[in-house]
Amino acid sequence: MANDEKWFTQNRRFARPLVKNWKGAAAGGIFVLTFFGLAVFFLSLEPFAPLDYWLLGLWWLSVLALMAGFSWFARSRTERTWEARKRMGERR
């Protein structure tokens, strides 16, 4: 993927990536809407009356799958501009 196709940019290591163009913002919005859609769906199944551990576990697994999928997706579309980490004794 060429640099002009990157949706996110990350200037420092372990820092949160920033949105670079409208496609990144749209992907983030879809992630948030999907997260709340999962919550509404599973809450509509009434997992708390009586407490249904199977349904709550399924909700947690779906949230983890959504987060892992979006992280993989965003990582492949992130431009990283930091330098390689220097060793402990070297000067900057």
Closer than 4.0 angstrom, basic N to acidic O: yes or no for R77 and E5? no
Gap separating the [atom1] atom of [X] from the [atom2] atom of [Y], nearest 0.5 angstrom:
{"X": "F35", "Y": "L66", "atom1": "CZ", "atom2": "CG", "answer": "8.0 Å"}
{"X": "L56", "Y": "L61", "atom1": "CG", "atom2": "CG", "answer": "11.0 Å"}
{"X": "L38", "Y": "L43", "atom1": "CG", "atom2": "CG", "answer": "10.5 Å"}

If you look at every heavy atom in [X] and [Y], which pair is closest and at what distance?
{"X": "A27", "Y": "F73", "answer": "CB-CE2, 4.0 Å"}
{"X": "K20", "Y": "K6", "answer": "CD-O, 3.8 Å"}
{"X": "V19", "Y": "N21", "answer": "CG1-O, 3.1 Å"}
{"X": "W59", "Y": "A39", "answer": "NE1-CA, 3.7 Å"}
{"X": "F8", "Y": "A74", "answer": "CE1-CB, 3.8 Å"}

So if you build clusters from Ile, Leu, Val, Met, Phe, Trp, Tyr with side-chain heavy-atom gaps below 4.5 Å, do [X] and [Y] land together?
{"X": "F41", "Y": "M67", "answer": "yes"}
{"X": "W60", "Y": "V32", "answer": "yes"}
{"X": "V40", "Y": "L64", "answer": "no"}

Begin from the C-alpha positions of L45 and L55 and carry the test side-chain contact (heavy atoms from CB on, under 4.5 Å) through to its verdict. CA-CA 8 Å; L45 298 176; L55 198 56; 3.6 Å; yes
Partner residues of F31 under the ring-ring contact (aromatic ring centres under 6.0 Å, His included) criterion, sequence neighbours left out: F70
